[in-house]
Visitor: 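Quick one: the structure is below, and I'll ask about it shortly.
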Amino acid sequence: MRLSRYFLPTLKETPSEAQIASHRLMLRAGMVRQGAAGIYSWLPLGLKVLKNIESIVREEQDRAGAIELLMPTIQSADLWIESGRYDDYGKEMLRIEDRHDRKMLFGPTNEELVTDIFRREIKSYKDLPKNLYHIQWKFRDEIRPRFGVMRGREFLMKDAYSFDLDAENAVKSYNAMFVAYLRTFARLGVKAIPMRADTGPIGGDLSHEFIVVADTGESEVFFDKGFEDFDPLSVDSGLGDDLQPVVDQWTSLYAATEEMHDPDAPEAGGADIVKGRGIEVGHIFFFGEKYSKPMKAEVQGPDGKPVPVQMGSYGIGVSRLVGAIIEASHDEHGIIWPEAIAPYKVGLMNLATKDADCTAACDKIYADLRSQGVEVLYDDRNTGAGAKFSDMDLIGLPWQVALGNRGFKNGVVELKNRATGDREEVAIADIAARFAG
RNA sequence: CGGGAAGUGGCGCAGUCUGGUAGCGCACUACACUGGGGGUGUAGGGGUCGCAGGUUCAAAUCCUGUCUUCCCGACCA
């Protein structure tokens with residue numbers, strides 16, 4: 001993409017409403033603009049990151065055997081009345097009426113709707129297990145939205161729902177998601193630590209939160225230093241494998257959020273327990289018959305008798321992750337994207353746009369990179385070099401390639417790694433090949 | 001929902017106390033210079049000061065109401 005034709009409104013100064021790093025940087029980097037409190041438009045650069053995260057989340061869900069569908073954002077109140085949550089959910093649920101005065105709502109989550117879909121179609125234990133998920137916008141009318149996309153009212157969430165015949169199999173489904181989550185966050189380039197969690201209003205018996213550790217995190221967390229060394233990607237997880245040992249390994253070390261932390265517990269006091277701040281990016285629950293019973297989501301068992309299915313739900317805050325990753329990965333100059341989700345891999349800067357030869361050389365690098373399938377943002381604007389460097393640092397692409405008169409004379413570009421700051425000179429003729437494969 | 005703060009051009013702000021017809025920086029437009037870390041000059045365009053009432057000869061400024069946004073707390077992906 002040529003920057004001169006792109007839509008990337010970067011800001012030199014931070015809008016006054018933004019306080020924390022991710023919010024400031026997302027506004028300055030031209031990723032989002034606010035529509036109302038907690039409601040954002042995603043501009044092209046932000047959308048690219050959101051889509052990249054979404055793709056990785058989707059790949060890992062599919063890999064773990066979950067099946068994608070798409071449920072609507074607007075739901076009928078009927079199912080929520082049936083489950084009993086229409087009254088329980090309170091003012092956080094945005095309620096509306098259609099032209100026929102029917103009660104509708106903007107979905108804050110989808111247990112009811114997915115349970116209804118399940119119960120209409122699945123009648124036999126032979127069709128289990130099932131895990132259905134979608135990636136869809138949710139709306140929760142938060143009392144106090146804040147921190148940009150980290151606590152928005154409208155947010156993109158991946159939510160999966162598992163259905164099993166009995167608790168034993170439901171735990172297998174739970175474990176599959178547990179491992180899929182570890183893999184997902186690792187692939188996104190962030191360290192997320194699973195912590196035993198309070199089940200909250202969704203209810204249930206078994207629950208873990210996945211917490212990204214960042215200094216600006218909103219809640220206090222306590223965890224064993226041993227988590228630093230775990231590599232989730234070393235674990236292979238096919239559907240049906242017994243993942244209990246993996247889960248056991250990951251839950252053997254102490255980790256707890258503030259509300260679950262018990263300073264008096266023997267395992268909580270060790271020298272390896274560190275205190276930090278964290279951002280919740282995922283939350284998984286096993287809640288058994290909580291919805292299947294009142295909503296009569298039953299299958300016939302081998303003995304021909306109807307049994308309510310055992311359910312779990314599994315959420316990842318996709319839009320929140322954009323903010324959370326920035327919180328965990330930025331410096332005073334701007335964002336530092338992990339390569340897996342960066343909006344572009346390479347930022348190419350022509351520092352001498354008035355020089356026909358230099359421009360031709362840049363154009364060729366741009367064409368070569370694109371023909372190799374490398375995503376490249378090409379700053380071909382007629383601005384000073386300083387503005388280009390600053391913008392490039394701000395938007396945080398992993399690799400910067402700069403070519404100006406000085407380099408052109410010597411036949412070299414400057415290649416900079418955004419994360420490490422390391423620079424090296426590479427021959428103009430060789431630079432495209434550096435990104436091959 | 002309790003506590004606190006703020007709304008003045010696209011962004012950041014001054015002006016409000018002490019009422020007199022709106023200003024600065026950045027951004028934007030044109031031209032010239034410049035071109036390796038947000039450069040320089042000249043000339044421009046853009047704001048009924050969140051909104052509605054009120055006081056006054058006169059309101060960004062004083063009074064009342066209202067909307068919006070942000071921060072702290074209790075709640076949440």
Side-chain angles (χ1 to χ4, degrees), chain A residues 9-20 23-24 27-28 30 33-39 57 89-93 107-110 135-160 181 192 197-202 207 209-212 218-219 257 259 279-285 313-324 333-334 349-355 358-359 379 381-394 400-410 412-414 416 421 423 425:
Chain A
T10 57
L11 302 173
K12 210 161 167 181
E13 288 176 292
T14 305
S16 58
E17 77 263 18
Q19 298 299 320
I20 64 162
H23 192 194
R24 289 199 305 260
L27 289 171
R28 288 194 51 211
R33 288 294 182 262
Q34 187 178 71
I39 300 176
V57 169
Y89 222 95
K91 301 196 79 169
E92 208 169 291
M93 186 156 74
T109 180
N110 284 69
I135 300 173
Q136 177 64 290
W137 292 91
K138 307 293 190 292
F139 194 94
R140 295 184 190 173
D141 200 359
E142 295 274 348
I143 301 168
R144 189 187 156 208
R146 61 186 130 166
F147 304 147
V149 300
M150 297 247 286
R151 180 176 313 287
R153 290 193 291 174
E154 190 180 50
F155 57 94
L156 187 62
M157 182 163 100
K158 186 286 301 181
D159 41 325
Y181 273 37
D198 200 0
T199 51
I202 294 184
S207 177
E209 290 179 19
F210 291 77
I211 304 282
V212 169
E218 46 189 328
S219 52
T257 56
E259 57 268 21
I279 302 160
E280 181 184 354
V281 292
H283 203 156
I284 61 178
F285 304 86
S313 77
Y314 315 90
I316 290 179
V318 176
S319 51
R320 170 181 283 188
L321 266 165
V322 179
H333 301 296
M349 288 173 273
N350 179 1
L351 304 180
T353 48
K354 295 279 172 64
D355 183 308
C358 183
T359 298
D379 192 346
R381 297 173 300 174
N382 284 323
T383 55
K388 289 178 183 169
F389 284 116
S390 296
D391 270 344
M392 209 51 91
D393 282 347
L394 176 63
Q400 297 176 9
V401 173
L403 181 58
N405 278 323
R406 201 174 76 193
F408 185 73
K409 277 181 199 130
N410 299 322
V412 294
V413 299
E414 182 182 274
K416 177 175 139 182
R423 301 155 198 244
E425 294 195 331

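Lettering of chains follows the sequences in order, A, B, ..., and the numbering in each one begins at 1.
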Visitor: If the C1' atom of B:rC1 is compared with that of B:rU18, how far apart are they to the nearest Å?
Guide: 39 Å

Visitor: Measure across A:R28 and A:L394 and return the closest heavy-atom pair with its distance rounded to 0.1 Å.
Guide: O-CD2, 3.4 Å

Visitor: Which base, if any, makes a Watson-Crick or G-U wobble pair with B:rG37, both distances under 3.5 Å?
Guide: none

Visitor: So, does A:Q34 get its side chain near the phosphate of B:rC70, meaning an N or O under 4.0 Å from OP1 or OP2?
Guide: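 So the side-chain polar atoms of A:Q34 do come within 4.0 Å of the phosphate oxygens OP1 or OP2 of B:rC70, strictly under.
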
Visitor: Looking at A:L351 and A:A385, what are the two nearest heavy atoms and their distance?
Guide: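 Looks like CD2-CB, 3.9 Å.
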
Visitor: Is there a Watson-Crick or G-U wobble partner for B:rG73 with both distances under 3.5 Å, and if so, which one is it?
Guide: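 Its partner is B:rC1.
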
Visitor: Can you work out whether A:V413 or A:G315 has the more 5'-proximal nearest nucleotide on RNA chain B?
Guide: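 Whichever sits nearer the 5' end wins; that is A:V413.
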
Visitor: Which value, rounded to the nearest 0.5 Å, describes the distance between A:H283 atom NE2 and A:I316 atom CD1?
Guide: 13.0 Å

Visitor: Applying a 4.0 Å non-hydrogen cut-off, can you work out what A:V318 is touching in the nucleic acid: base, sugar-phosphate, or nothing?
Guide: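 Nothing: the residue A:V318, judged by heavy atoms under 4.0 Å, touches no strand.
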
Visitor: Rounding to the closest angstrom, what is the interatomic distance between B:rG47 and B:rG23 at atom P?
Guide: 13 Å

Visitor: Using a heavy-atom cut-off of under 4.0 Å over every strand shown, decide if A:A36 touches base, sugar-phosphate, or nothing.
Guide: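 It contacts sugar-phosphate atoms only.
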
Visitor: Base, sugar-phosphate, or nothing for A:R28, non-hydrogen atoms under 4.0 angstrom?
Guide: base

Visitor: Does the structure show a Watson-Crick or G-U wobble partner for B:rG47, both distances under 3.5 Å? Name it, or say none.
Guide: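 None - no nucleotide pairs with B:rG47, as no candidate has both distances under 3.5 Å.
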
Visitor: When rounded to the nearest Å, what value does the distance between P atoms of B:rG19 and B:rC63 take?
Guide: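 The answer is 12 Å between these two P atoms.
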
Visitor: Determine the interatomic distance between C1' on B:rC75 and the same-named atom on B:rC28; round to the nearest Å.
Guide: 44 Å

Visitor: Would you give the length of the straight line joining atom CD of A:Q19 to atom OG1 of A:T14, rounded to the nearest 0.5 angstrom?
Guide: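 Separation between the atoms: 9.5 Å.
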
Visitor: Between B:rA77, B:rC71, B:rG25, spot the one nearest the side chain of A:E142, thanks.
Guide: B:rA77

Visitor: In the strands shown, is B:rC24 matched to any nucleotide by a Watson-Crick or G-U wobble pair with both distances under 3.5 Å, and which?
Guide: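 Pair assignment: B:rC24 / B:rG12.
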
Visitor: If the cut-off is 4.0 Å, is A:S16 near the phosphate of B:rC70, judged by side-chain N/O to OP1 or OP2?
Guide: no

Visitor: Is there a donor on the side chain of A:N405 or the base of B:rG35 sitting less than 3.5 Å from an acceptor on the other?
Guide: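 Answer is no: no donor-acceptor pair is held.
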
Visitor: Could you measure between the two C1' atoms, the one in B:rA6 and the one in B:rA60, and give it in whole Å?
Guide: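 Going atom to atom, C1' in each nucleotide, I get 15 Å.
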
Visitor: Does B:rA77 have OP1 or OP2 sitting under 4.0 Å from an N or O in the side chain of A:R140?
Guide: no

Visitor: Would you classify A:R33 as touching base, sugar-phosphate or nothing, given that sugar-phosphate means primed atoms plus P, OP1 and OP2, and contacts are heavy atoms under 4.0 Å?
Guide: nothing

Visitor: From C-beta outward on A:A37, which listed nucleotide comes closest to its side chain: B:rG73, B:rG37, B:rU69?
Guide: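 That would be B:rU69.
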
Visitor: On a whole-Å scale, what distance lies between the P atoms belonging to B:rG73 and B:rU64?
Guide: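 These two P atoms come out 31 Å apart once rounded.
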
Visitor: In whole Å, what separates the C1' atom of B:rC24 from that of B:rC49?
Guide: 15 Å

Visitor: Contact class for A:N382 (heavy atom, under 4.0 Å): base, sugar-phosphate, or nothing?
Guide: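 Counting heavy atoms under 4.0 Å across all strands, the contact made by A:N382 includes a base.
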
Visitor: Heavy atoms only, 4.0 Å cut-off, all strands: where does A:T383 land among base, sugar-phosphate and nothing?
Guide: base

Visitor: Is any side-chain heavy atom of A:M349 less than 4.5 Å from a side-chain heavy atom of A:F389?
Guide: yes

Visitor: By the 4.0 Å heavy-atom rule, please label A:A385 as base, sugar-phosphate, or nothing.
Guide: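 Here A:A385 touches the backbone only, sparing every base.
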
Visitor: Going by purine N1 to pyrimidine N3 plus the second Watson-Crick contact, or the G-U wobble pair, all under 3.5 Å, which nucleotide sits opposite B:rU61?
Guide: none

Visitor: Between B:rG15 and B:rU8, how far apart are the two P atoms, rounded to whole Å?
Guide: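 Going atom to atom, P in each nucleotide, I get 14 Å.
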
Visitor: Looking at B:rG37, B:rC71, B:rU69, which one has an atom nearest to any side-chain atom of A:R423?
Guide: B:rG37

Visitor: Using both distances under 3.5 Å as the test, list the Watson-Crick or G-U wobble partner of B:rG7, or none.
Guide: B:rC67

Visitor: Any donor-acceptor pair under 3.5 Å linking the side-chain atoms of A:Q400 with those of A:D393?
Guide: yes

Visitor: 5'-most contact on RNA chain B: A:T10 or A:G148, nearest heavy atom basis?
Guide: A:T10

Visitor: May A:F389 be described as stacking on the base of B:rG38, applying a 5.5 Å centroid limit and a 30° limit on plane angle?
Guide: no

Visitor: Once you apply a heavy-atom cut-off of 4.0 Å, does A:G90 come out as touching a base, just sugar-phosphate, or nothing?
Guide: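 It contacts nothing in the nucleic acid.
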
Visitor: Please classify the nucleic acid contact of A:K416 as base, sugar-phosphate, or nothing, using heavy-atom distances under 4.0 Å.
Guide: base

Visitor: Classify every nucleotide of nucleotides 28-34 of chain B by which part a protein heavy atom approaches to under 4.0 Å, writing B for the base, S for the sugar-phosphate alone and - for neither, in 5'-to-3' order.
Guide: ------B

Visitor: Assess whether one donor atom and one acceptor atom, taken from the side chain of A:R146 and the base of B:rG73, lie less than 3.5 Å apart.
Guide: no

Visitor: Taking any heavy-atom pair under 4.0 Å as a contact, classify A:D391: base, sugar-phosphate, or nothing.
Guide: base

